[in-house]
Peer 1: 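If you scroll down you'll find the structure; I have some questions about it.
Below, chain A is the first sequence line, B the second, and so on; all start at residue 1.
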There are 2 protein chains.
Amino acid sequence: MLSILPVRDTLDVIGGKWKILILISIMEGNHHFREIERSIPNLSTKVLSDQLKDLETNQLISRSVSNGFPVRTAYTLTEHGKTLQKLILEMHNWGVLHRKKIIQ
Amino acid sequence: MLSILPVRDTLDVIGGKWKILILISIMEGNHHFREIERSIPNLSTKVLSDQLKDLETNQLISRSVSNGFPVRTAYTLTEHGKTLQKLILEMHNWGVLHRKKIIQ
DNA sequence: GTAATCAGTTACTTCAAGGTAAGTGGTTAC
DNA sequence: GTAACCACTTACCTTGAAGTAACTGATTAC
């Protein structure tokens, strides 16, 4: 008997059009704002900014600003964010399976 | 290097507010239209009807109509639909973990 | 014969996620 | 000193998912 709330919580956090893409981009080594932006086609600065705030609020990523000049911000996965990796891999694998099934 | 498309495919199929809830309801033994509708609070007939069509298009559920009277429709998971169970369980588990982390 | 149930459809509205475009304030390269 | 880059913000607009409400057509119970 699965209760519904936890699954909805998960979708709130990683659902939508961009959140998973941004997480994957950071996982793959893109840590700066423009770097992440350039790595994901059609992602606007406004949407990226909004989504990064959401991800930070949910403690999946952390934002740090270097004290030196030029000031550079760096986004990294938190330990909590890293617990998503297995789930993202599962979603990837199921997506591949599904595409094979549907497109044939 | 995870490509983005498969994860997006997965979200297209199980994302949104209702699809996973409907799948879980069917998994738990609700097979008739009104049965599914009653099992999920605040779900309207129109939305249920739309979502069931989507799920059928994606070959996750199948719709069968009994030849006898009264005509009853039955929605069941396909074999392909059953491959989602592991992923849904993962989403459930991560949701529980996340709620602990955020709400404390 | 009328009230209720099943399995939906149709027409219309609302709303939040996402998109567009321009601007801000600082730094660096030449 | 001006052009370009970094890291955004602000204001406004668009669109599609979801919600509301009423209706359909068949069957069954009383």
Peer 1: Examine D/dG19: is either OP1 or OP2 under 4.0 Å from a nitrogen or oxygen in the side chain of B/W18? Give yes or no.
Peer 2: yes

Peer 1: Check whether any side-chain N or O of B/S25 sits under 3.5 Å from a backbone N or O of B/N30 as a donor-acceptor pair, and report yes or no.
Peer 2: no

Peer 1: Expressed as a whole number of angstroms, how long is the span from A/K17:NZ to D/dT14:P?
Peer 2: 17 Å

Peer 1: How is B/S44 classified with respect to the nucleic acid when contacts are heavy atoms under 4.0 Å: base, sugar-phosphate, or nothing?
Peer 2: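 Since a base atom lies under 4.0 Å of B/S44, the category is base.
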
Peer 1: So, using ring-ring contact (aromatic ring centres under 6.0 Å, His included) as the criterion, who are the partners of B/W94 when residues are at least two apart?
Peer 2: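 For B/W94, the residues satisfying ring-ring contact (aromatic ring centres under 6.0 Å, His included) (neighbours in sequence not counted) are A/H80, B/H98.
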
Peer 1: Is there side-chain contact between A/V96 and B/D9, with at least one heavy-atom pair below 4.5 Å?
Peer 2: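 In short, these two side chains do not touch, never coming nearer than 4.5 Å.
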
Peer 1: Let me confirm one number: the CD1-NZ distance from A/I61 to A/K82, rounded to the nearest 0.5 Å.
Peer 2: 13.5 Å

Peer 1: Using side-chain heavy atoms (C-beta onward) and a distance below 4.5 Å, is B/K101 in contact with A/T83?
Peer 2: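 No, their side chains stay 4.5 Å or more apart.
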
Peer 1: Output the single nucleotide from D/dC8, D/dG19, C/dG19 whose closest atom is nearest the side chain of A/V47.
Peer 2: C/dG19

Peer 1: For D/dA7, does either OP1 or OP2 sit under 4.0 Å from a side-chain N or O belonging to A/R72?
Peer 2: yes

Peer 1: Give a yes/no answer on whether the side chain of A/R34 brings an N or O atom under 4.0 Å of OP1 or OP2 in D/dA4.
Peer 2: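 No, no such contact exists.
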
Peer 1: Output the rounded distance in Å from CG (A/D54) to P (D/dC8).
Peer 2: 15 Å

Peer 1: Just to be sure I understand the geometry, which residues of residues 9-16 of chain B put a non-hydrogen atom under 4.0 Å away from DNA chain C?
Peer 2: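 Heavy-atom cutoff 4.0 Å gives no residues at all.
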
Peer 1: With a 4.0 Å cut-off on heavy atoms, is A/E35 in touch with a base, just the backbone sugar-phosphate, or nothing at all?
Peer 2: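 Nothing, no nucleic acid heavy atom in range.
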
Peer 1: Is the closest side-chain heavy-atom distance between B/Y75 and B/H31 below 4.5 Å?
Peer 2: no

Peer 1: Please produce a list of atom pairs where a protein N or O lies less than 3.5 Å from an N or O of nucleotides 9-12 of chain D.
Peer 2:
residue, atom, partner, partner atom, Å
D/dT9, OP1, A/K53, NZ, 3.3
D/dT9, OP2, A/S49, OG, 2.5
D/dT9, OP2, A/K53, NZ, 2.9
D/dT9, O4, A/T45, OG1, 3.3

Peer 1: For A/R63 and D/dC8, is the shortest distance between a side-chain N/O and OP1 or OP2 below 4.0 Å?
Peer 2: yes

Peer 1: Does any non-hydrogen side-chain atom of B/E90 lie less than 4.5 Å from one of A/T10?
Peer 2: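 A/T10 does not reach B/E90 side chain to side chain.
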
Peer 1: Return a table of donor-acceptor pairs under 3.5 angstrom between the side chains of residues 41-56 of chain B and protein atoms on other chains or two or more places apart.
Peer 2:
residue, atom, partner, partner atom, Å
B/S44, OG, B/V47, N, 3.3
B/Q51, OE1, B/K19, NZ, 3.3
B/D54, OD2, B/K19, NZ, 3.4

Peer 1: Round to a whole Å and report the spacing from CG of B/L52 to C1' of C/dT9.
Peer 2: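 Distance check: B/L52 CG to C/dT9 C1' gives 14 Å.
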
Peer 1: Give me, pair by pair, the N or O atoms of the protein and of nucleotides 23-25 of chain D that are less than 3.5 Å apart, along with how far apart they are.
Peer 2:
none

Peer 1: Looking at B/Q51, I'd like to know whether one of its side-chain N or O atoms comes within less than 4.0 Å of OP1 or OP2 on D/dA17.
Peer 2: no

Peer 1: In whole Å, what is the span from the CD atom of A/E56 to the P atom of D/dA7?
Peer 2: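 Checked: the CD to P distance equals 15 Å.
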
Peer 1: Using a cut-off of less than 4.0 Å, is there contact between a side-chain N or O of B/Y75 and OP1 or OP2 of C/dG8?
Peer 2: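 Result: yes.
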
Peer 1: How many angstroms lie between atom CD1 of B/I20 and atom CG of B/L87, to the nearest 0.5 angstrom?
Peer 2: 6.5 Å

Peer 1: What's the separation between atom CD1 in A/I36 and atom CG in A/L23, rounded to the nearest 0.5 Å?
Peer 2: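 Nearest 0.5 Å value for the CD1-CG distance: 9.5 Å.
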
Peer 1: Could you check how far CG of B/L55 sits from P of D/dA17, rounded to whole Å?
Peer 2: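 Taking atom P of D/dA17 as the reference, CG of B/L55 is at 14 Å.
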
Peer 1: Given atom CG of B/L43 and atom P of D/dG19, what is their separation to the nearest angstrom?
Peer 2: 8 Å

Peer 1: What is the separation between atom CG on A/N42 and atom P on C/dA21, rounded to the nearest whole Å?
Peer 2: 13 Å

Peer 1: Is B/R38 close enough to C/dC6 that one of its side-chain N or O atoms is under 4.0 Å from OP1 or OP2 there?
Peer 2: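 It does, given that an N or O in the side chain of B/R38 lies less than 4.0 Å from OP1 or OP2 of C/dC6.
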
Peer 1: Could you tell me which residues satisfy salt bridge (Lys or Arg N to Asp or Glu O under 4.0 Å) with A/R34, sequence neighbours excluded, listed by chain and number?
Peer 2: A/E37

Peer 1: About how many Å separate CD of A/Q85 and CE of A/M27, when rounded to the nearest 0.5 Å?
Peer 2: 4.5 Å

